Amino acid sequence: MRKFFFTCSFSLIAVFGLFSCGTHDMFGDNETKMAKALQEALLLGSQTATINLGDSSCEIPFEKKECITGYLGNELVEIALPDDIKKIFADISSVASFASFIGISNLNSYRDSIIINLNRAAEEAAMGALKTFQDAVFGLSFSDAAKILRGDSVAATSYLKETTYSELQVNFTPIIKRPLDRLNLNKYWSPIASSYNSFASTLGSTLGSSMLPYPSLEPDISESLSNHAIDKALYGLFLMVGKQEIKLREDPLGAVREAGNLVSPEAGNLLSDVFGKAKHGLI
């Protein structure tokens with residue numbers, strides 16, 4: 001996995017470097033300079049976010065120290081269960097005799113397995129956003145660049161979201177569904193739903209359905225969980241792109257230094273210059 005990230009990162013650095021060199025002779029034109037700086041900023045933000053979120057190295061998902069890469073364990077982006085599914089787990093766990101009836105000593109293990117799968121699928125999908133981001137970035141116009149540079153702290157991220165979200169949603173769907181289908185999430189849910197429904201039928205016929213939190217549970221939640229994971233994965237992706245933009249606007253020099261080899265020296269100088277001026281209202 002790390003070898004893949006290194007290879008991808010190296011390839012993107014080469015692309016950024018070539019793009020920078022190819023436009024260096026046009027830096028005298030303010031509009032071109034602004035557009036190029038914003039392109040570099042968006043490329044840096046999207047590259048940083050996708051590589052970070054695509055890192056599946058956080059191996060201890062629960063009762064752990066906070067992870068700073070990937071989705072799983074990262075409190076900023078970790079994909080939790082949908083509220084309705086989370087409530088179902090809490091409610092059926094509150095039925096005292098249910099666990100012994102279905103022969104499961106710890107329902108939390110089922111819940112945790114679903115959470116792990118949702119986040120691992122999102123991590124697998126994250127790197128697939130790079131090509132879509134690049135296409136949107138290189139299509140940026142001069143007028144868009146000037147407007148965005150003078151905008152709020154996440155104006156560039158908002159532009160990227162407006163121009164890529166629909167395509168990313170389409171692209172993420174098979175990437176996220178594939179590992180979820182392969183892992184067969186329903187194998188964690190179907191036994192619970194089936195046993196609960198049997199339990200509810202037995203108890204309801206003797207004590208009345210008012211004694212139960214639900215009359216029955218849907219046995220297939222794979223589709224709804226996939227859609228939930230796609231929405232949350234994209235939310236986390238743009239959140240991380242936005243954090244990079246905020247950092248660049250607040251401290252251009254610091255953000256460029258932190259990026260290190262992810263940007264060429266030419267691009268780093270350009271980002272520091274243009275965003276430094278933008279910060280002080282000189283653009």
Side-chain angles (χ1 to χ4, degrees), residues 1-13 15-16 41-61 64 66-82 114-138 154 156-183 185 222 225-248 258-263:
M1 179 67 74
R2 289 191 178 279
K3 181 178 180 182
F4 170 74
F5 291 147
F6 175 79
T7 302
C8 182
S9 178
F10 181 82
S11 299
L12 285 166
I13 293 167
V15 171
F16 299 164
L42 287 168
L43 288 169
L44 175 60
S46 58
Q47 181 193 18
T48 301
T50 54
I51 291 177
N52 176 282
L53 292 176
D55 187 343
S56 298
S57 62
C58 186
E59 298 292 347
I60 307 175
K64 73 241 178 250
E66 169 67 10
C67 292
I68 59 173
T69 60
Y71 282 87
L72 186 64
N74 184 336
E75 64 178 8
L76 291 175
V77 295
E78 181 172 359
I79 302 174
L81 289 174
I114 294 175
I115 293 172
I116 291 170
N117 291 339
L118 293 177
N119 285 275
R120 291 305 190 208
E123 290 165 357
E124 186 174 330
M127 292 300 291
L130 282 170
K131 178 61 169 61
T132 299
F133 281 146
Q134 288 177 22
D135 290 344
V137 168
F138 291 127
V154 290
T157 302
S158 296
Y159 165 83
L160 204 59
K161 185 174 182 179
E162 289 171 6
T163 55
T164 65
Y165 192 92
S166 295
E167 182 177 346
L168 287 173
Q169 194 173 43
V170 171
N171 293 344
F172 266 44
T173 297
I175 297 173
I176 284 186
K177 281 180 175 290
R178 185 167 58 246
L180 293 182
D181 290 344
R182 185 170 63 243
L183 292 168
L185 282 179
S222 181
L225 285 176
S226 294
N227 293 334
H228 171 75
I230 292 163
D231 290 343
K232 294 299 182 181
L234 288 171
Y235 167 82
L237 179 61
F238 285 106
L239 177 67
M240 298 302 285
V241 173
K243 286 177 66 64
Q244 183 66 37
E245 180 184 356
I246 291 170
K247 185 186 302 181
L248 183 58
E258 186 177 315
N261 290 333
L262 292 181
V263 293

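Worth saying up front: this structure is predicted, and the values here are computed from it rather than measured. When reading the values below, keep in mind they use all heavy atoms of this one structure, side chains included, and skip hydrogens, waters and symmetry mates.
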* Asked: Sequence neighbours excluded, which residues qualify as side chain to side chain contact (heavy atoms under 4.5 Å, CB included) partners of Asn117?
  -> Leu180, Leu183, Leu185, Tyr188
* Does Asp181 have any salt bridge (Lys or Arg N to Asp or Glu O under 4.0 Å) partners at least two apart in sequence or in another chain, and if so, which? -> none
* Asked: Once you round to the nearest 0.5 Å, how far does CG of Asn119 lie from CD of Glu78?
  -> 5.0 Å
* To do: Taking all heavy atoms of Ser226 and all of Ile176, pick out the closest pair and write down the distance.
  => O-CG2, 4.3 Å
* Taking only residues two or more places apart in sequence or in another chain, which ones pass side-chain hydrogen bond (donor to acceptor under 3.5 Å, both in side chains) with Thr164? -> none
* Only one of Leu72, Asn74, Thr69 passes side chain to side chain contact (heavy atoms under 4.5 Å, CB included) with Asp55; say which it is. => Thr69
* Asked: Who passes side-chain hydrogen bond (donor to acceptor under 3.5 Å, both in side chains) against Asn52, sequence neighbours left out?
  -> none
* For Asp231, check side chain to side chain contact (heavy atoms under 4.5 Å, CB included) against everything at least two apart and list the hits. => Tyr165, Gln169
* Mind checking salt bridge (Lys or Arg N to Asp or Glu O under 4.0 Å) for Lys161 and listing every partner two or more places apart, or none if nothing turns up? => none
* To do: Using the test side chain to side chain contact (heavy atoms under 4.5 Å, CB included), find all partners of Ser158 that sit at least two apart in sequence or belong to another chain.
  => Val154
* Asked: Do you know which two heavy atoms are closest between Thr163 and Ala136, and how far apart they sit?
  -> OG1-CB, 3.7 Å
* **All salt bridge (Lys or Arg N to Asp or Glu O under 4.0 Å) counterparts of Glu258, not counting sequence neighbours** => Lys247
* To do: Quick one: closest heavy-atom pair of Ala41 and Leu248, and the distance?
  => CB-CD2, 3.4 Å
* State, yes or no, whether a side-chain contact exists between Leu160 and Val137 at a heavy-atom distance under 4.5 Å. => yes
* Asked: How close do Thr50 and Ala129 get, heavy atom to heavy atom, and via which atoms?
  -> CG2-CB, 3.9 Å
* Where is the tightest heavy-atom contact between Pro82 and Leu225, given as atom of each residue plus distance? -> CD-CD2, 3.6 Å
* Heavy-atom closest contact (Val263 atom, Ala259 atom, distance) -> CG2-CB, 4.2 Å
* Structure fact -> Applying ring-ring contact (aromatic ring centres under 6.0 Å, His included) to Phe133 and not counting sequence neighbours gives Phe238
* Indicate yes or no for a side-chain donor-acceptor contact from Tyr71 to the backbone of Ile79 under 3.5 Å, with no hydrogens or angles considered. => no
* Asked: Around atom CD1 of Ile68, are there more than 12 heavy atoms of other residues, nucleotides or ligands at under 6.0 Å?
  -> no
* Structure fact -> dist Glu124:CD -> Ser56:OG (nearest 0.5 Å) comes out at 8.0 Å
* To do: Measure the spacing between SG of Cys58 and CD of Glu123 and express it to the nearest 0.5 Å.
  => 8.0 Å
Would you give me the side-chain donor-acceptor pairs under 3.5 Å for residues 239-246, sequence neighbours excluded?
| unit_1 | atom_1 | unit_2 | atom_2 | d |
| --- | --- | --- | --- | --- |
| Glu245 | OE1 | Ala156 | N | 3.3 |
| Glu245 | OE1 | Thr157 | N | 2.8 |
| Glu245 | OE1 | Thr157 | OG1 | 2.7 |
| Glu245 | OE2 | Ala155 | N | 3.2 |
| Glu245 | OE2 | Ala156 | N | 2.9 |
| Glu245 | OE2 | Arg249 | NE | 2.9 |
| Glu245 | OE2 | Arg249 | NH2 | 3.0 |

* Asked: When rounded to the nearest 0.5 angstrom, what is the spacing between OG1 in Thr48 and CG in Leu262?
  -> 5.5 Å
